[in-house]
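Everything below concerns the one structure shown next.
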Number of protein chains: 2
Amino acid sequence: MADLDQIDENILRELVRDGRLPNIQLAERVGLSPSACLRRVQDLERRGIITGYRATLDRTKLGTGFTAYIAVGLNDHTKASQKAFEAAITRSPEVRECHNITGTVEYLLRIETSDLAAYKVFHTDVLGELPQVHALTTFVVMESPKDERT
Amino acid sequence: MADLDQIDENILRELVRDGRLPNIQLAERVGLSPSACLRRVQDLERRGIITGYRATLDRTKLGTGFTAYIAVGLNDHTKASQKAFEAAITRSPEVRECHNITGTVEYLLRIETSDLAAYKVFHTDVLGELPQVHALTTFVVMESPKDERT
DNA sequence: GGTGAAAATTTCAACAA
DNA sequence: TTGTTGAAATTTTCACC
């Protein structure tokens, strides 16, 4: 699986916190020379443990300030229904995440749109039109006190 | 609000895709000189549009293969309760996201732990001990057919 | 894992459109 | 205001110990 020592874990923690931390400073924080540190980082990348680096944006300052989660219940639990639903979901850019969950409903979706009006269009014209969908419960995100989505 | 031109949007798109893209290459892709490009990136950072950079990890290769969402209802809706709850949540590394939502409950949390046993410990010993918490509903993530968390 | 040096990049002051 | 040039400061990278 992984097999990481304490230093590797420290490296990951620092890079998740700041993906642009200069290798020199990273080395200092984890107690290695820059070259040894770089070698470890490159190893972590090569092994697929670090999958990439991303800038994180404040989406409220861009157009896409509206976020909601939707719990979706399907009419039945057949594989065919699930596949059809997932296929439709995958095509919709408003859907940023789709999780198949345990519980009273089958799916939890994260939706991002420019505003409530755009959300309503998606809710009605896209989700409302899917024959597999039985119940929709919307939770509008008002604030995110913590958000460490990677 | 934002007021971004096409070049800014291109910069953001590239940096979300690869937060470590060297400024020289970024400049080339958006059609600017390196220094003009750097100035724009620094502006975007200063204006809070770029909020940071993160390494993204393959968590299945680490120990943290268990993911669940929890809907949390509080006893009351006072600001004090919310602040106390959010403070406790922020300290817990298992909590990767905390969203304040509309609906029958107040919060939706995303929890990541190594396995179900660790999750149970968190559920009982951390969340169960918070005096503000009234109701907890767990949704275990079985699969994520789409996941574009940034 | 460390050292040291070459290659590459970031950064910024001065200048131009 | 926005972009460019050029050079110094910093960082990355790698062969060798």
Side-chain angles (χ1 to χ4, degrees), chain A residues 1-65 114 147-150, chain B residues 1-64 93 96 114 148-150:
Chain A
M1 191 180 66
D3 191 39
L4 306 175
D5 63 13
Q6 190 58 53
I7 294 179
D8 284 328
E9 290 187 4
N10 290 341
I11 287 174
L12 293 180
R13 182 168 39 73
E14 293 295 335
L15 287 181
V16 166
R17 216 168 55 78
D18 179 3
R20 278 203 159 176
L21 190 65
N23 183 59
I24 289 182
Q25 289 177 46
L26 178 61
E28 194 178 332
R29 292 198 191 177
V30 301
L32 287 179
S33 69
S35 64
C37 181
L38 181 64
R39 212 147 44 199
R40 276 173 182 264
V41 171
Q42 290 173 335
D43 265 350
L44 291 166
E45 291 169 350
R46 201 170 314 113
R47 292 157 69 190
I49 293 167
I50 294 175
T51 54
Y53 301 88
R54 297 229 178 123
T56 58
L57 310 183
D58 182 345
R59 298 200 179 266
T60 65
K61 292 197 177 164
L62 305 167
T64 76
S114 55
D147 192 343
E148 296 180 348
R149 283 175 294 148
T150 57
Chain B
M1 190 181 68
D3 191 41
L4 306 175
D5 62 13
Q6 189 58 54
I7 294 179
D8 285 327
E9 290 188 5
N10 289 342
I11 288 174
L12 292 180
R13 182 169 37 74
E14 293 295 334
L15 287 181
V16 166
R17 219 167 52 79
D18 179 3
R20 278 203 159 176
L21 191 64
N23 183 59
I24 289 182
Q25 289 176 45
L26 178 61
E28 194 178 333
R29 291 197 193 180
V30 301
L32 287 179
S33 69
S35 62
C37 181
L38 181 64
R39 205 147 54 197
R40 277 174 181 264
V41 171
Q42 291 174 334
D43 266 350
L44 291 166
E45 290 168 351
R46 202 170 313 116
R47 292 157 69 190
I49 292 167
I50 294 175
T51 54
Y53 300 88
R54 297 237 178 99
T56 60
L57 310 182
D58 182 346
R59 302 204 173 262
T60 65
K61 291 195 177 164
L62 305 166
T64 76
R96 306 279 305 165
S114 55
E148 296 179 350
R149 284 173 293 151
T150 58

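Just so we're on the same page: letters track the sequence lines, and every chain starts at 1.
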* Would you please test A:Tyr53 and B:Leu21 for side-chain contact (heavy atoms from CB on, under 4.5 Å) and show each step? => CA-CA 9 Å; A:Tyr53 301 88; B:Leu21 191 64; over 6 Å; no

* **Heavy-atom check, side chain of A:Ile49 versus side chain of B:Asp58, under 4.5 Å** => no

* Could A:Arg46 and A:Asp43 be called an ion pair, given the rule that one side-chain N must be under 4.0 Å from one carboxylate O? -> yes

* In whole angstroms, how far is the P atom of D:dT1 from the CG atom of B:Asp8? -> 15 Å

* Nearest 0.5 Å, what's the OG-CG distance between B:Ser114 and B:Leu62? -> 11.0 Å

* Which atom names give the shortest non-hydrogen contact between A:Lys61 and B:Arg47, and what distance separates them? -> NZ-O, 3.0 Å

* Could you tell me, to 10°, how much the axis swings from one end of the helix from C:dG1-D:dC17 to C:dA17-D:dT1 to the other, five pairs per end? => 30°

* Around A:Glu28, counting heavy atoms of other residues, nucleotides and ligands shown, do more than 12 lie under 6.0 Å from its CD? -> no

* To do: Let me have a per-nucleotide readout for nucleotides 1-12 of chain C, 5' to 3', with B, S or -, counting only protein heavy atoms under 4.0 Å.
  => BBB-----SBBB

* In whole angstroms, how far is the P atom of D:dT10 from the CD atom of A:Glu28? -> 14 Å

* To do: Indicate yes or no: does B:Asp5 engage B:Arg40 in a salt bridge with an N to O separation below 4.0 Å.
  => yes

* B:Leu26 and B:Asp18, any side-chain heavy atoms less than 4.5 Å apart -> no

